[in-house]
Amino acid sequence: MNITLLGTGVGIPQNERVQSGLIVDTGHGPVLFDCGSGVLQRIYQSAYKHTSIENVFLSHLHLDHCADFLSLVKANWLCDVTRINLWGPVGTRKWWNDLMCTYSYMQNKIDININELSPGQTVKIDGLEIVCITTVHALPSLGFLISFAGRTMLYTGDTEPVDDIARASDGIDLLIHECSFPDTFEVDNHTTPKRLAEMLRGITIGKIILTHLYPQTRGFEEEMVSVIANACKCHVEIGHDLQEIEI
Ligand SMILES: [Zn+2]
Ligand SMILES: [Zn+2]
């Protein structure tokens, strides 16, 4: 399973980080998870063609996770590719239908197959199994436990540290967890290093990559990594845009 981090940033612009998005590739075509602003450009800069993306999962409908989906659909349409399967939390269908009311010139020219998901549901695509995990955020949101050929990773989307993620993470090869702020901030709906370390203490994970980094994390990277690595006894690193990981 090959993973490409497309965007490791948030709603505030940063030099090296666009908003959220990553590709999981098992050799059966890239599957896109989240599609925030800047992700379409990162796809162009990656090894993938935007026209090859047939399956998209949205963790939630905050703009920094879905803003470029409309741009992706339009870009594909301009290249004569009109079908995408879209999975997202409850509300995804209304969100898309509302967008199509505004951009009605696209409405009958594209074919978006929408499936709304809830925690516990499983989706299977060409041997890839995706289980939806409960997360805690400001609106309906999902984490995705992704397995293929005996390898497993979990992408959290936006969340506070929650037990369901810890349980689902035990024994996996890769955890891509949001870590929005350093420990100098106290936040709801997002994760800080100490709280993540407490949640993951004693859990066996191959490797942890931190993503969804606010500009406020700049200068705290080493500290963030060591707090979590000490608790988990595994390799922890800060993710960066266009980083490729193989598990
Ligand atoms: Zn969010
Ligand atoms: Zn976000």
Side-chain angles (χ1 to χ4, degrees), residues 3-22 33-34 36-39 42 59-60 62 64-65 133-138 141-146 152-247:
I3 298 109
T4 303
L5 304 183
L6 296 168
T8 56
V10 294
I12 300 170
Q14 298 170 77
N15 255 345
E16 307 297 331
R17 300 187 193 281
V18 303
Q19 297 178 0
S20 291
L22 61 91
F33 291 85
D34 281 342
S37 176
V39 165
R42 287 287 191 249
S59 65
H60 64 298
H62 274 156
D64 58 314
H65 297 256
I133 305 295
T134 301
T135 54
V136 175
H137 195 44
S141 62
L142 300 165
F144 299 111
L145 182 69
I146 304 160
T152 304
M153 60 162 281
L154 197 160
Y155 167 56
T156 62
D158 288 2
T159 185
E160 293 182 15
V162 288
D163 287 342
D164 286 65
I165 291 174
R167 265 193 296 276
S169 296
D170 207 4
I172 67 174
D173 300 289
L174 172 66
L175 172 63
I176 300 176
H177 203 295
E178 79 117 291
C179 198
S180 293
F181 295 96
D183 283 313
T184 45
F185 288 76
E186 242 183 67
V187 291
D188 293 327
N189 298 321
H190 286 296
T191 294
T192 48
K194 274 186 188 152
R195 286 188 61 199
L196 181 58
E198 279 161 28
M199 181 188 84
L200 295 178
R201 193 176 295 281
I203 286 179
T204 307
I205 299 171
K207 179 179 185 172
I208 299 171
I209 296 182
L210 304 177
T211 189
H212 201 266
L213 300 146
Y214 270 79
Q216 288 88 334
T217 59
R218 219 171 291 143
F220 291 91
E221 293 92 340
E222 229 171 277
E223 201 178 313
M224 292 168 70
V225 163
S226 71
V227 164
I228 298 162
N230 286 340
C232 300
K233 312 284 181 231
C234 74
H235 179 79
V236 181
E237 64 185 60
I238 300 276
H240 59 264
D241 289 19
L242 295 173
Q243 179 178 359
E244 293 175 34
I245 308 122
E246 197 179 340
I247 58 168

Problem set entry | Verdict with supporting geometry, Leu142 and Ile133, side chain to side chain contact (heavy atoms under 4.5 Å, CB included) | CA-CA 6 Å; Leu142 300 165; Ile133 305 295; over 6 Å; no
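- The shortest heavy-atom contact between Val162 and Thr134 is CG2-O, 3.6 Å.
- The two residues Leu145 and Ala168 have their closest heavy-atom pair at CD1-O, 3.7 Å.
- Screening residues 216-240 for salt bridge (Lys or Arg N to Asp or Glu O under 4.0 Å), with sequence neighbours left out, gives Lys207-Glu237.
- Residues Glu178 and His190 bring a donor and an acceptor atom of their side chains to less than 3.5 Å of each other.
- With rounding to the nearest 0.5 angstrom, the CZ atom of Arg195 is 12.5 Å from the CD1 atom of Ile228.
- Remark: side-chain polar atoms of Gln19 are not paired, donor with acceptor, to backbone N or O of Gly36 under 3.5 angstrom.
- Applying the side-chain contact (heavy atoms from CB on, under 4.5 Å) rule to Arg167 yields the partners Asp163, Asp164; only residues at least two apart in sequence or on another chain are considered.
- Tyr155 and Phe144 have parallel rings, their planes meeting at less than 30° on a 0 to 90° scale where 60° marks the start of perpendicular.
- Gln243 contributes atom CD, which lies 8.5 Å from atom CD1 of Ile176 (distance to the nearest 0.5 angstrom).
- At a threshold of 4.5 Å between non-hydrogen side-chain atoms, the residues Thr152 and Ile146 do not count as touching.
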With a 3.5 Å cut-off and sequence neighbours excluded, list the donor-acceptor pairs that the side chains of residues 182-189 form with protein atoms.
from	atom 1	to	atom 2	distance (Å)
Asp183	OD1	Lys194	N	3.0
Asp183	OD2	Lys194	N	3.3

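- Considering every non-hydrogen atom in both Leu213 and Leu210, the closest pair reads CD1-O, 3.9 Å.
- Counting all heavy atoms, side chain and backbone alike, Ala229 lies closest to Cys234 at CB-O, 3.8 Å.
- For the atom pair Thr217 OG1 and Met224 CE, the distance stands at 5.0 Å (nearest 0.5 Å).
- With contacts defined as side-chain heavy-atom distances shorter than 4.5 Å, the pair Leu22/Asp34 does not qualify.
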- Report the C-alpha distance between Ile209 and Leu174 in whole Å, list the side-chain angles of each, state the deciding distance to 0.1 Å, and finish with yes or no for side chain to side chain contact (heavy atoms under 4.5 Å, CB included). CA-CA 8 Å; Ile209 296 182; Leu174 172 66; 3.9 Å; yes
Could you walk me through whether Leu196 and His177 pass side chain to side chain contact (heavy atoms under 4.5 Å, CB included), step by step?
CA-CA 9 Å; Leu196 181 58; His177 203 295; 3.4 Å; yes
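- A parallel orientation is assigned to the rings of Tyr214 and Phe181, their planes being inclined by less than 30° (bins at 30° and 60°).
- In this structure, the side-chain hydrogen bond (donor to acceptor under 3.5 Å, both in side chains) partners of Asp173, at least two apart in sequence or on a different chain, are Arg151.
- For the pair His60/Asp158, a side-chain contact is recorded, criterion being any heavy-atom separation below 4.5 Å from C-beta on.
- One side chain, Asp64 or His212, offers a donor N or O that lies under 3.5 Å from an acceptor on the other.
- Between Val227 and Ala197 the shortest heavy-atom distance is O-CB, 3.7 Å.
- Atoms NE2 and OG, on His65 and Ser59 in that order, are 5.0 Å from each other to the nearest 0.5 Å.
- Scanning both residues, Ile12 and Pro215, for their nearest heavy atoms gives CG2-CG, 3.7 Å.
- Two residues are said to be in side-chain contact when any heavy atoms from C-beta on lie closer than 4.5 Å; Thr4 and Leu6 meet this criterion.
- Here Thr135 pairs with Ser141, Thr159, Ile165 under the side-chain contact (heavy atoms from CB on, under 4.5 Å) rule; sequence neighbours left out.
- Within the 4.5 Å cutoff, no side-chain heavy atoms of Cys232 are placed close to those of Leu175.
- Considering only heavy atoms from C-beta on, Thr156 stays 4.5 Å or farther from Thr191 through its side chain.
- Using a distance-only test at 3.5 Å, with no hydrogens or angles considered, no donor-acceptor pair links the side chain of Asp170 to the main chain of Ile205.
- Shown here are the salt bridge (Lys or Arg N to Asp or Glu O under 4.0 Å) partners of Arg17, two or more places apart in sequence or in another chain: there are none.
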